[in-house]
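In what follows, a structure is listed as structure tokens, so that the remarks can point back to it.
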Amino acid sequence: MYSLLKVVFLLVTMTVAHNSEDFCNIDNKSCGPDISNDKYVFYDVNPPEGFNLRRDVYMRFAIMLAEAHKVGKNDNWRLVLPPWKNLYHWKTKSSRSPAVPWGHFFNINSLKSFAPVVELHEVFDKTEGKSLKIDRVYVLQNFADAFENGDFTDKWEISRGCSYGGFWGYNNVTSNVIECVNFQGKISKLWELIALHPSDRYVMFAHAEIPLHDTYGTKTFWDCRRSMKFNENLVTRAEDFISKYLNCDTKICNNYASVHWRRQDFARYRKNDVPSIKGTAKQIHKQIKQFNSYINTVFIATDADMTSLRQLELELTQLGYLVYYFKPSTADLDKYKDGGIAIIDQIICSHAAYFIGTHESTFTFRIQEEREILGHESRTTFNRLCPDKGRCEKPSKWTIVH
Ligand SMILES: Nc1nc2c(ncn2[C@@H]2O[C@H](COP(=O)(O)OP(=O)(O)OP(=O)(O)O)[C@@H](O)[C@H]2O)c(=O)[nH]1
Ligand SMILES: *[C@@H]1O[C@H](CO)[C@@H](O)[C@H](O)[C@H]1NC(C)=O
Ligand SMILES: *[C@@H]1O[C@H](CO)[C@@H](O)[C@H](O)[C@H]1NC(C)=O
Ligand SMILES: [Mg+2]
């Protein structure tokens, strides 16, 4: 596939070259109009942010670029996918280094069908010399007072007092120009910053989680979300598990329920949002009985420690359930890494007849979106675990727009 694409690319380039008189070699960067005019937007996210918030940050940038290309503005800009490195939640050794490209988790051709994206290694391949020099890094910061005069308005101003040295852990990516910017509002306002220096070709935004979606939940949002297909190996591994243990061979199963049981920091710091272990089992039981009393199989996706998971399993078993969870082998961990295992959990949750999530977890949100895309009825998707006592807000419903 790759070499076929390369051949097609070569043919196209040669045709262009013949038309423009001089013979143009594919490796000659000073010729071939598309190659030499390419400009790149890089970004990096606040280190403690997790995988699933980063997926949303990606969507903001992908939509920003795709929309610009649609109207023929800034259409020589491409988005560089920031490699995955040392995420806080990824504790397994094989998951920590080196940096993992997006293709490990997602279907790159599908991402490219929505937005002009490239992997960092693709940019490296085109880089002459030993290091990649970024023309300018804008380090975004929040305004001290978001609601100045009582209004939240979109605004930015050049400021000071910031620093940046991350570059995803690569010491061969550098920049001589670091600019601090107080920023608030829509991501498309970043074009205003880019326009300040028209000769820049490599522009980077650090703290890219600060700009917000221009519009959330629109058709464009969902088009972008749908293009974020998982890597085929992850899908196959998840579907094999579902087929083997949960006895279902379609994407909309009718015979098992799934739960995203977020623990760790949630169990420690969000006592008002998440239940105890016993409380979790009770609620799962109650919700499943209300939905379909014939279901007696539950799949649990969780970041809980083994002891807690065993306790939950015991409680549910005593209530009459068959309990499953995906326990990766060492080979699975080496191959898919922590991030891939989490995605396998998400896929298994997304095929279930009924899903119960954890309140305000982005991991849960991504499962809910996946289920909307697959076409599950919304009432089977937007369900949450409540605290043992006290108020329990209904989960927000972000339903798909076609
Ligand atoms: N395998 C697996 N990993 C999980 C599960 N739940 C959480 N994790 C891990 O913990 C991380 C959770 O962090 P995020 O992706 O930021 O999602 P979140 O913490 O639920 O949401 P916010 O902190 O509100 O953004 C995931 O990326 C996984 O690495 C789960 O059910 N299965
Ligand atoms: C690269 O292309 C330019 C413009 O067509 C040409 O002038 C130059 O000689 C080429 N250089 C090489 C190394 O082929
Ligand atoms: C920078 O280093 C990485 C890892 O060692 C390497 O893969 C990449 O090609 C290098 N980039 C450049 C521009 O040489
Ligand atoms: Mg998180």
Side-chain angles (χ1 to χ4, degrees), residues 29 40 42 45-58 80 83-92 95-101 105 118-134 167-175 202 209 230 234 237-238 241 258-270 273-274 280 298-306 308-309 312 324-328 332-333 336-350 352 355-370 384-385 395-396:
K29 291 185 177 66
Y40 296 96
F42 300 76
V45 175
N46 191 24
E49 300 296 352
F51 186 82
N52 290 289
L53 177 89
R54 286 164 191 260
R55 282 172 62 182
D56 193 63
V57 173
Y58 161 79
V80 182
W84 300 96
K85 181 140 167 95
N86 292 347
L87 261 64
Y88 164 80
H89 291 100
W90 295 356
K91 304 233 155 70
T92 308
S95 304
R96 295 193 73 79
S97 56
V100 181
F105 301 119
V118 290
E119 294 261 32
L120 182 61
H121 60 76
E122 294 179 76
V123 179
F124 280 156
D125 289 348
K126 291 187 188 173
T127 306
E128 283 171 347
K130 290 209 164 65
S131 68
L132 171 67
K133 200 141 181 198
I134 294 179
F167 301 112
W168 320 282
Y170 287 107
N171 53 19
N172 58 2
V173 182
T174 61
S175 181
Y202 292 72
E209 71 284 357
F230 293 124
L234 299 173
R237 186 71 183 86
F241 180 95
S258 64
V259 181
H260 174 229
W261 194 43
R262 183 75 164 79
R263 297 299 277 178
Q264 301 295 336
D265 42 321
F266 275 51
R268 270 191 301 265
Y269 307 121
R270 293 180 173 236
D273 289 328
V274 304
T280 303
V298 186
F299 175 80
I300 309 282
T302 189
D303 58 346
D305 55 78
M306 228 351 140
S308 309
L309 180 53
L312 179 65
Y324 290 90
Y325 44 85
F326 181 77
K327 192 168 178 299
D332 284 326
L333 272 168
Y336 306 113
K337 312 201 187 311
D338 287 350
I341 302 300
I343 287 172
I344 291 169
D345 267 348
Q346 288 181 313
I347 297 171
I348 302 171
C349 284
S350 72
F355 172 69
I356 307 173
T358 296
H359 188 54
E360 282 184 350
S361 154
T362 53
F363 191 103
T364 283
F365 292 155
R366 300 295 90 87
I367 294 170
Q368 292 170 332
E369 291 159 5
E370 208 63 32
R384 60 165 285 191
L385 293 166
S396 25

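We count ligands from 1, going down the list as the structure has it; atoms in each ligand are counted the same way. If you're wondering where the values come from, they're calculated on a predicted model, not measured in any experiment.
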Nearest heavy atom to atom 30 (C) of ligand 1 wins, so pick from Phe363, Trp261, Phe326. Phe363
To which of Ile367, Asp303, Thr364, Val259 does the heavy atom nearest atom 7 (C) of ligand 1 belong?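 Considering heavy atoms of Ile367, Asp303, Thr364, Val259, the nearest to atom 7 (C) of ligand 1 sits in Asp303.
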Can you pull out the closest protein heavy atom to [atom]? Residue, atom name and distance to 0.1 Å, please.
{"atom": "atom 23 (O) of ligand 1", "result": "Phe266 CE1, 4.2 Å"}
{"atom": "atom 22 (P) of ligand 1", "result": "Thr362 OG1, 3.5 Å"}
{"atom": "atom 16 (O) of ligand 1", "result": "Gly50 CA, 3.2 Å"}
{"atom": "atom 15 (O) of ligand 1", "result": "Asn52 ND2, 2.8 Å"}
{"atom": "atom 6 (N) of ligand 1", "result": "His260 NE2, 3.0 Å"}
{"atom": "atom 13 (O) of ligand 1", "result": "His89 CE1, 3.2 Å"}

[X]: numbered ligand 1 atoms lying under 4.0 Å from its heavy atoms:
{"X": "Glu360", "result": "24 (O)"}
{"X": "Trp90", "result": "29 (O)"}
{"X": "Ala342", "result": "1 (N), 2 (C), 3 (N)"}
{"X": "Thr302", "result": "2 (C), 5 (C), 30 (C), 31 (O), 32 (N)"}

Where [X] and [Y] come nearest, the two heavy atoms and their spacing:
{"X": "Ser258", "Y": "Cys349", "value": "OG-O, 3.1 Å"}
{"X": "Val173", "Y": "Trp168", "value": "CG1-CZ3, 4.2 Å"}
{"X": "Val123", "Y": "Val80", "value": "CG2-CG2, 3.9 Å"}
{"X": "Thr302", "Y": "Asp345", "value": "N-OD2, 4.1 Å"}
{"X": "Asp273", "Y": "His359", "value": "OD1-CD2, 3.6 Å"}

Report, one line per pair, each donor and acceptor closer than 3.5 Å where one atom sits in a side chain of residues 45-53; sequence neighbours left out.
residue, atom, partner, partner atom, Å
Asn52, OD1, Arg55, NH1, 3.4
Asn52, OD1, Gln346, NE2, 3.3

Polar contacts were defined as any N/O atom of the residue lying under 3.5 Å from an N/O atom of the ligand; does this apply to [X] and ligand 1?
{"X": "Arg262", "value": "yes"}
{"X": "Ser361", "value": "yes"}
{"X": "Asp345", "value": "yes"}
{"X": "Asp265", "value": "no"}

Main-chain N/O of Thr92 paired to Asp338 side chain as donor or acceptor, under 3.5 Å: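 Judged by distance alone, yes, a pair lies under 3.5 Å.
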Can you tell me if Thr364 uses its side chain to pair, donor with acceptor, with the backbone of Gly357 under 3.5 Å?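 Checked: no pair found.
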Does at least one non-hydrogen atom of Asp338 fall below 4.0 angstrom from an atom of ligand 1?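 No, Asp338 has no heavy atom closer than 4.0 Å to ligand 1.
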Counting the benzene-type ring for Trp, do Phe105 and Trp90 have ring centres under 6.0 Å apart? yes
Nearest 0.5 Å, what's the [atom1]-[atom2] distance between [X] and [Y]?
{"X": "Arg263", "Y": "Ser361", "atom1": "CZ", "atom2": "OG", "answer": "13.0 Å"}
{"X": "Arg384", "Y": "Gln368", "atom1": "CZ", "atom2": "CD", "answer": "11.0 Å"}
{"X": "Ile300", "Y": "Ile348", "atom1": "CD1", "atom2": "CD1", "answer": "12.0 Å"}

Suppose we screen for side chain to side chain donor-acceptor pair (under 3.5 Å). Which residues come up paired with Glu370, at least two apart in sequence or across chains?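 Residues passing side chain to side chain donor-acceptor pair (under 3.5 Å) with Glu370: Arg225.
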Just jot down the side chain to side chain donor-acceptor pair (under 3.5 Å) partners of Arg54, sequence neighbours excluded, or say none. none
Write down, by chain and number, every protein residue that brings a non-hydrogen atom to less than 4.0 Å from an atom of ligand 3.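 Lining ligand 3: Phe124, Thr127, Lys130, Tyr170, Asn172.
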